[in-house]
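Chain naming here is simple, since letters A, B, ... match the order of the sequence lines and numbering starts at 1 in each.
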2 protein chains.
Amino acid sequence: MALEHAILVSLSEQPASGLELTRRFDRSIGFFWSATHQQIYRVLARMERDAWVHARTVAQHGRADKKVYAVTPAGGRELARWIGSPMAGDPFRSEVAVRLRGASYGDRSAVLAEVRGLRAEHATRLAHYELLEKRDFPDPAALSGHDLDVYLVLRGGIRLERFWVGWLTEYLDAHGPYDGSDHGADA
Amino acid sequence: MALEHAILVSLSEQPASGLELTRRFDRSIGFFWSATHQQIYRVLARMERDAWVHARTVAQHGRADKKVYAVTPAGGRELARWIGSPMAGDPFRSEVAVRLRGASYGDRSAVLAEVRGLRAEHATRLAHYELLEKRDFPDPAALSGHDLDVYLVLRGGIRLERFWVGWLTEYLDAHGPYDGSDHGADA
DNA sequence: ACCACCTATGCAACTCGTTGCACAGAGTGG
DNA sequence: CCACTCTGTGCAACGAGTTGCATAGGTGGT
């Protein structure tokens, strides 16, 4: 549904091959949209068929040739059309929430341990994002246009990680009359 | 992947028919997991085949018969197993984020209008959740067990809606040198 | 009597996404 | 030279989820 458009955004920022796109989807774009390389290749093929992108084969130093994709005018029009189309809120689908709600039907202490691990992961990611923010956007007030958009999406990632850390902490506090530190391994 | 387990949680709380489950997935459970009735019927059939649930046909007043499903011991064991299995963080996949990042390739003012509408929706939902919190959980400190879990998941919904309202507000503030109020209709 | 609508269940076809595997060229180490 | 690994591209099969439609009984309006 939207992978095509995520790819159009990414290729508009900078043309890339399938594998390069895959790496982006494991990094910056991947903060809010993930995709495997197979899916990307398949969608790229369809987009090329529809003339939304155009491939240019590039011979490389020692490696295999790569096909570098760039957005065509038709692709740009499609992206602009989609950007302006009505926006639906993202459906929130959380396996974690299902588990938390069902915790009393399983091993509560195991769930608490998992939640501690999960909170640690989110805290790590949050720290990483905050580092990126400081490093890449020292003066947010000076930003505008696409740079500002990139910054604001990073801000969204930061806010989201804070949501997770906050919620999981509330969960642990409510269920654990223990202290916040771990007597065990994780966290 | 997890719809089976979401259904197990819901049926553990209270047995239900396919349509009743569908309504739950449009309400409380649906805050963090959505499913259409077709999908629910299909998964229920598979779960019955695997003996995770057992159906009892119930004749009704005037309406058509319904099949009320309840969790079997085997289903309870499966749920307990899943609850205790390693928990992966929920992948965050946001079409909204893709649009915000790509806004400069389309009509910026249209995006801003959409974002204002979206923020209004999230604010409405937040108010609704906060009402539920006050009405159903006047004394959270007294909760324990499954009731506490239900409350904490609602708290997650509240925190998530606050995330959305906060982020979208930051986006609008950064892009709109206008005031926060709307000269138009939404917001 | 007829039509429209509601509850309740379900099938079929399709899209989206994941997983596992394949293949080809090129560099690296034994 | 052979096996291994890395990059780069791709197919096939499957599972998850959505959309559209079908059916069957009951209820209420005209």
Side-chain angles (χ1 to χ4, degrees), chain A residues 1-8 11 15-27 29-30 32-50 53-69 82 88-95 98, chain B residues 1-8 11 15-27 29-30 32-50 53-69 82 88-95 98:
Chain A
M1 223 244 297
L3 177 56
E4 280 115 311
H5 300 102
I7 289 177
L8 283 176
L11 290 182
S17 73
L19 253 206
E20 284 162 1
L21 269 178
T22 303
R23 291 203 199 91
R24 286 187 203 170
F25 276 79
D26 284 337
R27 293 178 47 80
I29 312 280
F32 49 84
W33 203 272
S34 66
T36 59
H37 68 109
Q38 290 86 349
Q39 200 192 345
I40 287 173
Y41 281 121
R42 201 182 342 162
V43 172
L44 273 176
R46 187 171 65 221
M47 291 169 75
E48 190 177 15
R49 177 173 58 69
D50 294 345
V53 296
H54 175 255
R56 198 169 49 90
T57 302
V58 173
Q60 290 182 109
H61 157 57
R63 295 160 163 75
D65 293 359
K66 64 179 176 182
K67 287 163 71 178
V68 173
Y69 291 90
W82 178 75
D90 295 312
F92 178 56
R93 218 163 218 209
S94 171
E95 201 178 306
V98 175
Chain B
M1 222 240 302
L3 178 56
E4 280 114 313
H5 300 103
I7 288 177
L8 284 175
L11 290 182
S17 72
L19 253 206
E20 285 164 1
L21 269 178
T22 302
R23 291 202 200 92
R24 286 188 202 169
F25 276 80
D26 284 337
R27 291 178 50 78
I29 312 278
F32 48 85
W33 201 270
S34 66
T36 60
H37 69 109
Q38 289 85 350
Q39 200 192 345
I40 288 174
Y41 281 121
R42 199 180 345 160
V43 171
L44 274 176
R46 188 171 65 224
M47 290 169 76
E48 190 177 14
R49 178 173 56 70
D50 294 344
V53 296
H54 174 255
R56 198 168 50 88
T57 302
V58 174
Q60 289 182 109
H61 158 59
R63 294 158 165 74
D65 293 0
K66 63 179 178 181
K67 287 164 72 179
V68 174
Y69 291 89
W82 179 74
D90 295 313
F92 178 56
R93 215 164 221 205
S94 170
E95 200 178 308
V98 174

Student: Supply the atom-to-atom distance L21(B) CG to I29(B) CD1, rounded to the nearest 0.5 angstrom.
Tutor: 8.5 Å

Student: Let me know the distance between CZ of R46(B) and P of dG15(D), rounded to the nearest Å.
Tutor: 9 Å

Student: Which angle, to the nearest 10 degrees, lies between the helix axes at the two ends of the helix from dA1(C)-dT30(D) to dG30(C)-dC1(D), each defined by five pairs?
Tutor: 0°

Student: For dT9(D) and S17(A) - does any side-chain N or O of the residue sit under 4.0 Å from the phosphate oxygens OP1/OP2?
Tutor: yes

Student: To the nearest 0.5 Å, what is the distance between NZ (K67(A)) and NE2 (H54(A))?
Tutor: 10.0 Å

Student: From L44(A) CG over to H37(A) NE2, what is the distance, rounded to the nearest 0.5 angstrom?
Tutor: 12.5 Å

Student: Atom CZ of R49(B) and atom C1' of dG10(C): how far apart are they, to the nearest Å?
Tutor: 16 Å

Student: Let me spell it out: for each of R93(B) and E20(B), pick the nucleotide of DNA chain C with the closest heavy atom. Which residue's pick is nearer the 5' end?
Tutor: E20(B)

Student: With no hydrogens and no angle check, is any side-chain donor or acceptor of S34(A) less than 3.5 Å from a backbone partner on G30(A)?
Tutor: no

Student: Does a side-chain N or O of Y41(A) approach OP1 or OP2 of dT9(D) to a distance below 4.0 Å, or not?
Tutor: yes

Student: Decide yes or no for V98(A) and W82(B): does some side-chain heavy atom of the first lie under 4.5 Å from some side-chain heavy atom of the second?
Tutor: yes

Student: Would you mind reading off the distance between H37(A) atom NE2 and dT19(C) atom P, rounded to a whole angstrom?
Tutor: 11 Å

Student: Among dA8(C), dG10(D), dG17(C), which nucleotide sits nearest the side chain of W33(A)?
Tutor: dG17(C)

Student: Nearest of dA13(C), dT9(C), dT9(D) to any side-chain atom of K66(A)?
Tutor: dT9(D)

Student: Looking only at side-chain N and O atoms, does R23(B) come under 4.0 Å of OP1 or OP2 in dA8(C)?
Tutor: yes

Student: Measure from OH on Y69(A) to C1' on dT9(D) and round the result to the nearest Å.
Tutor: 9 Å

Student: Only pairs at least two apart or in different chains count here, so list each side chain to side chain donor-acceptor pair (under 3.5 Å) that has a residue in residues 38-49 of chain A.
Tutor: E4(A)-R46(A)

Student: Could you check how far CD of E48(B) sits from P of dT9(C), rounded to whole Å?
Tutor: 12 Å

Student: May I have the distance from R24(B) (atom CZ) to dA8(C) (atom P), rounded to whole angstrom?
Tutor: 13 Å

Student: Take atom CZ of R42(B) and atom C1' of dG17(D), then tell me their distance rounded to the nearest Å.
Tutor: 7 Å

Student: How long is the line joining CD of Q39(A) and C1' of dT9(D), in whole Å?
Tutor: 16 Å

Student: Kindly indicate whether the side chain of W33(A), heavy atoms from C-beta on, has any atom under 4.5 Å from the side chain of H5(A).
Tutor: no

Student: Of the nucleotides dG20(C), dG10(C), dT18(D), which one has an atom closest to the side chain of Q38(A)?
Tutor: dG20(C)

